[in-house]
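Since the model is a prediction, treat every value here as computed from it, not as a measurement. Below, read A as the first sequence line, B as the second, and so on, with proteins coming before strands; counting in each chain starts at 1.
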Number of protein chains: 2
Amino acid sequence: MSDEIRSFSGVDRLLHEPSRTIIVAILYAVESADFLYLQREAGLTKGNLSAHLSKLEKAKYVEIEKTYKGKIPLTLCHLTDKGRKAFEDYREQIKSFIDNV
Amino acid sequence: MSDEIRSFSGVDRLLHEPSRTIIVAILYAVESADFLYLQREAGLTKGNLSAHLSKLEKAKYVEIEKTYKGKIPLTLCHLTDKGRKAFEDYREQIKSFIDNV
DNA sequence: TTACATGGTTTGTATTGCAAACCTGTTTTC
DNA sequence: GAAAACAGGTTTGCAATACAAACCATGTAA
């Protein structure tokens, strides 16, 4: 078996969870998104999105900024450099796996 | 966001677990493998491999045949048509995701 | 007989993904 | 101006998971 395939076991588990893959893919494209936009686009419940964002934040993959739009809260999220790189690496690894099966 | 990306949330969870992805990738290539060969190739503990194989068997993705090589047990595994197709679909979905980010 | 491989399976545990319930404030309704 | 409804999230409860360690049944060696 090729190393590309075996190395797949070391894939970034944080990004390998589909909900989070989607969240990060969105953030990768738009640079900044608010909570509700992310929720709609990713098709997640609030609780779910909140939990996933917390994990991504804890890993320093995303930065979360809590502000206000007038008087209502507004949570803005954007990918950090670390998160951006992790996502690029993840894609490379997946791609390499697929190409080597 | 493109549908390819959103549809990623519906990815086959059984195959999306790296250990199982590797197991199935091996079986996809060799048609038939025994337990210990799989263990070495996939780099898993016996317990782990046993558990993953059980899940794949329950989903009818693999067939497990317990025979003997002389007097010692020999467990042979091979992909079913269903498993083969599921793996092909999985790869397509992943590929489509990557290409559309 | 006792020890030690071989080929696995079962058990224990910590982590997870998810939805439902909850919370804090704001706006509307009466 | 109190009560109800809503917006924007967070916390809680639970079932399912991945993993390794312990276990088991059989066969071989000392």
Side-chain angles (χ1 to χ4, degrees), chain A residues 6-27 32-59 61-78 86 90, chain B residues 6-27 32-59 61-78 86 90:
Chain A
R6 191 177 283 105
S7 81
F8 195 64
S9 68
V11 77
D12 186 337
R13 303 299 273 244
L14 209 57
L15 294 180
H16 198 56
E17 171 60 34
S19 297
R20 282 192 298 265
T21 315
I22 292 178
I23 292 171
V24 172
I26 295 172
L27 292 179
S32 180
D34 65 78
F35 190 95
L36 293 179
Y37 172 78
L38 268 181
Q39 197 203 330
R40 271 197 318 278
E41 286 296 296
L44 296 169
T45 62
K46 294 169 187 185
N48 234 324
L49 176 56
S50 177
H52 285 308
L53 282 179
S54 293
K55 282 194 179 166
L56 291 169
E57 183 183 29
K58 196 172 167 193
Y61 281 10
V62 307
E63 258 172 26
I64 299 178
E65 196 184 350
K66 288 172 196 305
T67 63
Y68 283 87
K69 181 178 56 183
K71 288 186 176 177
I72 64 178
L74 179 72
T75 298
L76 284 176
C77 315
H78 70 99
Y90 175 72
Chain B
R6 190 177 284 107
S7 81
F8 194 64
S9 67
V11 78
D12 186 337
R13 301 301 272 245
L14 209 57
L15 294 181
H16 198 55
E17 172 59 33
S19 297
R20 283 192 298 264
T21 315
I22 291 177
I23 292 171
V24 172
I26 295 171
L27 292 178
S32 179
D34 65 78
F35 191 93
L36 293 179
Y37 172 79
L38 267 181
Q39 196 202 330
R40 273 198 316 278
E41 286 297 295
L44 296 169
T45 63
K46 295 170 186 187
N48 232 324
L49 176 56
S50 178
H52 285 309
L53 282 179
S54 292
K55 280 195 180 166
L56 291 169
E57 184 184 28
K58 196 172 167 193
Y61 281 10
V62 308
E63 258 172 26
I64 298 178
E65 196 183 349
K66 288 171 198 300
T67 64
Y68 283 88
K69 181 176 55 182
K71 289 186 174 174
I72 63 178
L74 179 72
T75 299
L76 284 176
C77 316
H78 70 97
Y90 174 72

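Under the 4.5 Å side-chain criterion, counting only non-hydrogen atoms from C-beta, L38(B) is not in contact with E41(B). You'll find the side chain of F35(B) reaches within 4.5 Å of the side chain of L53(B), heavy atoms only.
Here dC18(C) is the nucleotide among dC18(C), dG9(D), dT10(C) with the atom lying nearest to any side-chain atom of E17(A). Among the nucleotides dT17(D), dA20(D), dT10(D), the one closest to the side chain of T45(B) is dA20(D). Which of dT9(C), dT11(D), dC19(D) sits closest to the side chain of S50(B) comes down to dT9(C). Nearest nucleotide to the R20(B) side chain, out of dC19(D), dA18(D), dG8(D): dA18(D).
An OP1 or OP2 oxygen of dT17(D) is reached within less than 4.0 angstrom by no side-chain nitrogen or oxygen of H52(B). The phosphate of dA19(C) has OP1 or OP2 within less than 4.0 Å of a side-chain N or O from N48(A). Within the structure, every side-chain polar atom (N or O) of R13(A) is placed at least 4.0 Å from both OP1 and OP2 of dA18(D). The phosphate of dT9(C) (OP1 or OP2) has a side-chain N or O of K66(B) nearer than 4.0 angstrom.
Residues from residues 67-75 of chain B that place a heavy atom under 4.0 Å from any atom of DNA chain C, listed by number: I72(B), P73(B), L74(B), T75(B).
Side-chain atoms of T67(B) come within 3.5 Å of backbone atoms of L74(B) as a donor-acceptor pair (strictly under, hydrogens ignored).
Map G47(A) and A51(B) each onto its nearest nucleotide of DNA chain D; the residue landing nearer the 5' end is G47(A).
Note on the helix from dT1(C)-dA30(D) to dC30(C)-dG1(D): angle between the axes of the first and last five pairs equals 30°, rounded to 10 degrees.
L36(B) comes within 4.0 angstrom of sugar-phosphate atoms only, judged by non-hydrogen atoms across all strands, and of no base.
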